[in-house]
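Note that this is a predicted model, so its numbers are computed, not measured. Atoms within a ligand are numbered from 1 in the order they appear, just like the ligands themselves. For the numbers below, each heavy atom of this structure counts, side chains included, while hydrogens, waters and symmetry mates do not.
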Amino acid sequence: MKTLLVTGGCGFIGSNFIRWQLENYPDVEIINVDVLTYAGNLENLSSVEDDPRCRFEKGDICDRAFIDGVLSSTSVDAIVNFAAESHVDRSILDSGPFVQTNIVGTQVLLDASRQANVERYLQVSTDEVYGSLGSEGFFTEETPLDPSSPYSACKTSADLLVQAYCRTHGFPGIITRCSNNYGPYQFPEKLIPLFISNALKDEALPVYGTGENVRDWIHVIDHCRGIDAALRDGKPGEVYNFGGHAELTNMDLTLRLLRALGKPETLIRHVEDRAGHDFRYAIDTAKAERELGWKPQVVFNTGLKETIDWYLSNTTWVERVRSGAYRDYYETQYGHRLA
Ligand code: NAD
Ligand code: TYD
């Protein structure tokens, strides 16, 4: 598995994955295809921009001619598809780009991979395809698909396409489904980086509804290790779930963030709940542990502290991504402009 085509490598998880691959596999070669939406940022890869093993190709995964061109210029051993519209709240405001990139983009990659006889295709998916849990139980790979948001419905559609190509065409596709990631370079529209960057500016922290909703948090590097294990040791046609075994209510997490930053609880604002808000996500990781020898390694408290330190040391990065169109999005989503 020497040459990888990584899509969405300028986003949060993709950029961490590329850095991790370059650190761990001296012989790896990576082509990073990214169209650079609002969430894609070349700065996320500035630490490896001079590494000759990684090449960037700006383009859209929905553009078949462009993808065919990339695949005919270099013979790739595997495709790892991170590229997606990834934020639930934006999918509620406008699902169009989600249908396009997450579904049509996946179909284009599947067809182009088949034509180029790519030996492995890994679809990076999410636990949100399973819908919502009550206060008991865990998602396994057998849990029925029951998405709640336009984002998760589009991710589910893409998973079904991958599965259908495996069954119909004997396509070598693998699907991984992971819980909520945290870590460096996460765009500050998701809970953890949004609340850290707001708190640092003494801006309110908008907690949806009661804040009793539960998420399972996994460090992005544990997710990257899982994707790598599935890519190398996973079986075509199979699904692997990853999770961090770190379930927290949003309120508990918010209070921990405020304590770590030395900021007052008075910054918390309970705002209108998210429409269709899934109550709880939690993952049974037994299959990945058994079949891939994978386990999450980062202890949540340590990972969260390192993440907070990263945002404290990278205020220029935060300032740049919170400017321009971000401020318009913020106003549409939260009803007021950032100061
Ligand atoms: P992100 O929004 O930070 O990054 C997405 C990247 O994809 C950006 O660089 C963007 O420019 C690129 N992109 C978007 N549309 C594209 C297109 N049409 N063509 C080419 N590039 C395009 O997302 P993320 O948080 O890094 O998530 C990556 C993947 O992991 C997604 O597929 C997401 O569904 C999945 N996932 C995320 C989480 C999480 O907690 N963030 C959890 C489980 C699964
Ligand atoms: P988010 O980071 O958007 O991830 P996901 O929707 O994929 O789980 O949200 C995590 C949790 O935090 C979710 O329960 C919604 C909640 N949340 C808030 O309470 N306020 C916010 O401003 C955001 C963005 C999320």
Q: With respect to Tyr38, determine whether any N or O atom, backbone or side chain, lies less than 3.5 Å from an N or O atom of ligand 1.
A: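 No - when backbone and side-chain N and O of Tyr38 are compared with those of ligand 1, no distance drops under 3.5 Å.
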Q: Below 3.5 Å, N or O to N or O, backbone or side chain included: is there any such pair between Tyr151 and ligand 1?
A: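 Yes, at least one N or O pair falls under 3.5 Å.
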Q: Taking distance alone, with no angle check, do Cys178 and ligand 1 share an N/O pair under 3.5 Å?
A: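 By distance alone, the answer is no.
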Q: At a 4.0 Å threshold, what atoms of ligand 2 neighbour a non-hydrogen atom of Asn250?
A: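 Counting atoms of ligand 2 from 1, those under 4.0 Å from Asn250 are 11 (C), 12 (O), 13 (C), 14 (O), 16 (C).
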Q: Using a strict cut-off of 4.0 Å, indicate which atoms of ligand 2 neighbour a heavy atom of Leu194.
A: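 Contacts of ligand 2 toward Leu194, numbered from 1: 22 (O).
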Q: For ligand 2, which atoms have a heavy atom of Val207 less than 4.0 angstrom away?
A: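 Under 4.0 Å from Val207, ligand 2 has these atoms: 19 (O).
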Q: In a check of side-chain hydrogen bond (donor to acceptor under 3.5 Å, both in side chains) between Glu189 and each of Arg90, Gln333, Arg322, which one passes?
A: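 Checked Arg90, Gln333, Arg322 against Glu189; only one passes side-chain hydrogen bond (donor to acceptor under 3.5 Å, both in side chains): Arg90.
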Q: Mind checking whether Ser179 has a heavy atom under 4.0 Å from ligand 1?
A: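 Yes.
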Q: Using a strict 4.0 Å cut-off to heavy atoms of Glu128, name the atoms of ligand 2 that fall inside it.
A: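 Counting from 1, the qualifying ligand atoms are 5 (P), 7 (O), 8 (O).
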Q: Would you mind finding which of Ile218, Asn181, Ile13 brings a heavy atom closest to atom 37 (C) of ligand 1?
A: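 The option holding the nearest heavy atom is Ile13.
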Q: In terms of atom number and element, which parts of ligand 2 are under 4.0 angstrom from non-hydrogen atoms of Glu189?
A: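 Per the distance check, 24 (C).
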Q: Against ligand 2, does Tyr334 come closer than 4.0 Å with any heavy atom?
A: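 Checking ligand 2 against Tyr334, which is what was asked, there is a heavy-atom contact under 4.0 Å.
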Q: Number the atoms of ligand 2 from 1 as they appear, then name those within less than 4.0 Å of a heavy atom of Pro206, with their elements.
A: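 Reading through ligand 2 atom by atom, the close ones are 18 (C), 19 (O), 20 (N), 21 (C), 22 (O).
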Q: Could you tell me whether Ile61 and ligand 1 have an N or O pair separated by under 3.5 Å?
A: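 Between Ile61 and ligand 1 (N or O atoms, distance only) the closest approach is under 3.5 Å.
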Q: If the cut-off is 4.0 Å to any non-hydrogen atom of Asp89, which atoms of ligand 2 fall inside it?
A: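 In order of numbering, the contacting atoms are 24 (C).
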Q: Need the ligand 2 atom indices (1-based, order shown) with element for anything under 4.0 Å from a heavy-atom of His87.
A: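 With His87 as reference, the close atoms of ligand 2 come out as 3 (O).
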